[in-house]
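Here's the structure, in structure tokens; my notes come after.
Numbers restart at 1 for each chain; the letters A, B, ... are given by sequence-line order, proteins then strands.
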Amino acid sequence: MAHIPEGILTGNIAAAGYVLTSVLSLISAKKINCSNVPKVSLVTAAVFCASLIHFPIMGTSVHFSFVGLAGMLLGPLAFLSVSVAVLFQFLFFQHGGLSSLGINIFNMGTAALIGWLVFSVRHRFNNTRKAAAAFSFLAGFVSMLVLASLLSLALYFTNFPKEVAIMAFTAHIPLIFLEGIVTGFVGIGLYKLGKEYLYG
Amino acid sequence: MAKTTAAVILLLFFFLLYSDSVYAHRMIIETPETGVIRVFYDGEIPAVRAAVQIWDSEDNMVLEGPVDNKGQFTYDEKLNVHKVVALDDFGHREVLIIGEVKREINRFQGALTGVSILLMIALIFHRLNKKNSKKV
């Protein structure tokens, strides 16, 4: 579960989620123009559908997010893209709830921005195929790690027992590696296809 | 290139096969018959770590307990059940009010609608950009 369900967050955390999401969405939206809307829309569609690929792990089910990939492709615009994807997941799949929408967008959007930042570190090394592969893996891995950590922290600060927060994080560990591997493969593919597909 | 593409396709194919359905991971409560409550995640995965609370019409909790390994919980049929709450160890929480009809969205239609909207936006702006570049 990357989405916090309806009715479990305390009012202050839900409100903080909406405030942070609004600010970051506005900053991200400043980067949009007519020429990058098609790319943003396509990446949003991929992130929107990612939650349909789910796995039963440890008595619960977890799903892909592809937020690291969104960060690699869109850079700062990834936050806006993920915001729309999470809103659509709420509207069309009933993932999460209205009260938790702000914090869900914040968690996934922040993870996407982290994915972008990790991937941009490759410029400090030779921009080779190996570097692209390694940093694609790291972008997927770290962004999912951040997402699982933010989810667990939100649960912890909502007065859930510490064990619940730890369990929520633990259930995501296999997915953190899987998301890193898949993002790594997609990163190599995109690098070979043309570096212009990747941000920066 | 061909090797990488083939590897990505194979990997995704494996995951899609393994995920066994196109549904996601919401927790759902069902009452297949009186005296039985079933808790599961989308994709019919039993929520084996869930606990169920039964509340009466005066908002008093009358029964509480864990589900079995099929995600089922049985209770006395004579019990005045108004609301069922299911919680698990991962922060999932679902509420079912007996007699209340929940509007369910077909996941496939939902996915199709969402993707169609996004593709339409992409197409409109792609054409707009093409037109603008021709003018310049």
> What part of B/Ile121 lies closer than 4.5 angstrom to a heavy atom of chain A: side chain, backbone, both or neither?
Replying inline: both
> Is it the side chain or the backbone of B/Leu123 that comes within 4.5 Å of chain A heavy atoms, both, or neither?
Replying inline: neither
> Is the side chain of A/Thr44 donor-acceptor paired with the backbone N or O of A/Val84 at a distance under 3.5 Å, no angle test?
Replying inline: no
>> Between A/Asn104 and A/Ser100 (side chain of the first, backbone of the second, donor and acceptor by atom type, cut-off under 3.5 Å), is there such a pair?
In response: yes
> Considering residues, nucleotides and ligands other than B/Glu58, do more than 12 of their heavy atoms fall under 6.0 Å from its CD?
Replying inline: no
>> If I measure from the heavy atoms of chain B, does A/Cys34 come under 4.5 Å with its side chain, its backbone, both, or neither?
In response: both
> With no hydrogens and no angle check, is any side-chain donor or acceptor of B/Glu94 less than 3.5 Å from a backbone partner on B/Phe40?
Replying inline: no
